[in-house]
Amino acid sequence: MVLESRDREYVEHRQRAGMLEQNTTDVLRESGVGERLDREGLVHRGLELRFGGAGHRIPLTDLTGRTVTVYAQTEIVKDLVARRLADGGDVRFEAEVVALDARAPSVTFRDGGRARTLDCDYIAGCDGFHGVSRPAVPGLRTFEREYPFAWLGILADVPPSTDELIYAHHDRGFALHSLRSPRVSRLYLQVPPDEDLAAWPGARIWDELAARFATDDGWELREGPITDRSITPMRSFVAEPLRHDRLFLAGDAGHIVPPTGAKGLNLAVSDVTVLARAFAERYASGSDTLLDGYSDTCLRRVWRAEHFSYWMTALLHADPAATGFDRRSSAPTWTTWPPRRRPRPPWPRTTPAFPSARACLEVAPVTRANA
């Protein structure tokens, strides 16, 4: 049984980005929800890093043999809900979970105004950062870092100005040009974490995007009606362990990455794939081996992704605390790709270069009192 606190209309229309790694698209196809993904998803074989008035293409497929696909998380949710219901699965919307027991597994939830208790074999806590699953894990350790900036994101009814993603580093701040469809663009601006969205009318957003994406060869940004805008704070967060008795944490319930590396959704899919295979082994053979290894297996991937996302965030964003010397000494200097010689590291000097994963985050043990 799947318990969802919101109504179906909300979960199928809440805007969420979707940059899918090949492992994720492979899993979706294997799960029987690849038809619309293959028809509407935008396959990318490279991306552009833009700085100093010039673009530098990174040929991802040539380097790795793999691709990434732009397909919004909103659409993935629609596909999964439709497939689950078509298969006769039990999905309860507007079913708010109020308590759970991980030892003698059960979940208490409100359904149609009445409290109900569901006894079960296992609980998959996929209820996000603010859900009830993570606080139910005693002795949890958390590692976290908040960043001194946020992203202002927009959806616009205008064909994208690029065929591949553009990550722009600029003294005024980071900018990202993504794509939602051949007719819809998704763009982001670095802003202060306490920025007021009302201070950003459409004209200001387009002017700032144009300034940060500007190139010496006169590249032009297409503008159009903005249909959605929001400000998203940025944080890194990891909880350990991801299992307590028969409760398993997955996705944002156990870890969060800044969106720069596009790892969040892909990590969540990886978690549930590991968990699904562990359940399959348990019911097929009675073995708990994969279930017992769930937390360690997932955390190895999580910490690699946390490290990459932290490094990429530091690489591309303008550090508000940086001095003029910091900005000048850390500015990217590549003029060709690949560079003819090893370039000077372009990340801000105010953050460590390639720190170990846990060194990226502050350690904050969580006790039952503040869970």
Side-chain angles (χ1 to χ4, degrees), residues 1-2 4 8 11-47 58-91 122 124 126 128 160 163-165 178-184 186 242 248-255 257 259 261-285 290-291 293-294 297-298 300-302 304-305 308-309:
M1 181 184 294
V2 177
E4 167 56 55
R8 184 174 179 179
V11 300
E12 292 190 344
H13 291 87
R14 187 185 187 194
Q15 294 300 324
R16 284 291 182 267
M19 174 58 70
L20 310 183
E21 297 171 355
Q22 188 162 324
N23 286 345
T24 298
T25 57
D26 290 345
V27 166
L28 292 173
R29 293 185 186 102
E30 292 169 7
S31 302
V33 290
E35 180 181 353
R36 205 158 65 93
L37 165 67
D38 290 332
R39 186 173 66 248
E40 301 177 13
L42 304 177
V43 177
H44 288 195
R45 294 173 173 82
L47 59 84
I58 310 299
L60 298 177
T61 303
D62 291 348
L63 293 170
T64 68
R66 301 170 75 79
T67 62
V68 294
T69 301
V70 175
Y71 188 67
Q73 182 175 333
T74 310
E75 306 307 315
I76 296 174
V77 170
K78 292 177 184 177
D79 296 341
L80 290 171
V81 169
R83 180 56 190 261
R84 185 62 179 163
L85 293 175
D87 288 345
D90 192 349
V91 181
Y122 300 98
C126 310
D163 295 327
E164 296 178 335
L165 273 72
S178 184
L179 307 83
R180 179 57 60 87
S181 76
R183 297 173 300 279
V184 178
R186 182 73 160 163
L242 297 177
F248 299 83
L249 304 181
D252 285 1
H255 45 79
V257 290
K263 293 290 185 180
L265 172 59
N266 295 290
L267 283 177
V269 172
S270 176
D271 287 349
V272 297
T273 300
V274 172
L275 188 56
R277 289 170 179 165
F279 285 153
E281 181 184 84
R282 174 66 179 83
Y283 287 112
S285 69
L290 294 183
L291 287 174
Y294 170 78
T297 298
C298 292
R300 282 194 295 271
R301 180 181 175 92
V302 166
R304 290 197 301 270
F308 171 78
S309 299

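Bear in mind the structure is a predicted one, so any value in this text is a computation, not a measurement. What's counted below: heavy atoms across the whole structure, side chains too, no hydrogens, waters or symmetry copies.
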S309 OG to R304 CZ distance, which is reported to the nearest 0.5 Å: 12.5 Å
With a 4.5 Å limit on heavy-atom distance, are the side chains of I76 and V33 in contact? no
Residue pairs involving residues 261-271 (criterion salt bridge (charged side-chain N to carboxylate O under 4.0 Å, His left out); sequence neighbours excluded): E21-K263
Kindly indicate whether the side chain of L291, heavy atoms from C-beta on, has any atom under 4.5 Å from the side chain of L275. yes
Got more than 12 heavy atoms from elsewhere within 6.0 Å of CZ, R66? yes
Residues in side chain to side chain donor-acceptor pair (under 3.5 Å) with T24, at least two apart? N266
D252 side, atom CG; H255 side, atom NE2 - distance, nearest 0.5 Å: 7.5 Å
The salt bridge (charged side-chain N to carboxylate O under 4.0 Å, His left out) partners of D62 (sequence neighbours excluded) come to none
Test of understanding: with ring-ring contact (aromatic ring centres under 6.0 Å, His included), list the residues that count as partners of F308, not counting sequence neighbours. none
What do the steps show when you test D79 against R83 for salt bridge (Lys or Arg N to Asp or Glu O under 4.0 Å), and what is the final call? CA-CA 6 Å; D79 296 341; R83 180 56 190 261; over 6 Å; no
Pairing residues for R282 by the salt bridge (charged side-chain N to carboxylate O under 4.0 Å, His left out) criterion, not counting sequence neighbours: D288
Option from L28, T67, V269 for which side-chain contact (heavy atoms from CB on, under 4.5 Å) with L20 holds: L28
Please state whether the rings of F248 and F279 are parallel, tilted or perpendicular, taking 30° and 60° as the class boundaries. perpendicular
Given V91 and L85, is the side-chain contact (heavy atoms from CB on, under 4.5 Å) satisfied, shown in steps? CA-CA 7 Å; V91 181; L85 293 175; 4.0 Å; yes
For residues 37-46, run the donor-acceptor check on the side chains, cut-off 3.5 Å, and write out each pair with its distance to 0.1 Å, sequence neighbours left out.
from, atom 1, to, atom 2, distance (Å)
D38, OD1, R29, NE, 2.8
D38, OD1, R29, NH2, 2.9
D38, OD2, R29, NE, 3.3
E40, OE1, R36, NH1, 3.3
H44, NE2, D163, O, 3.4

Interatomic distance, CG@L60 vs CD1@I58, rounded to 0.5 Å, equals 7.5 Å
To the nearest 0.5 angstrom, please state how far the SG atom of C298 sits from the CG atom of L249. 10.0 Å
Tell me, do R186 and L179 make a side-chain contact under 4.5 Å, heavy atoms counted? no
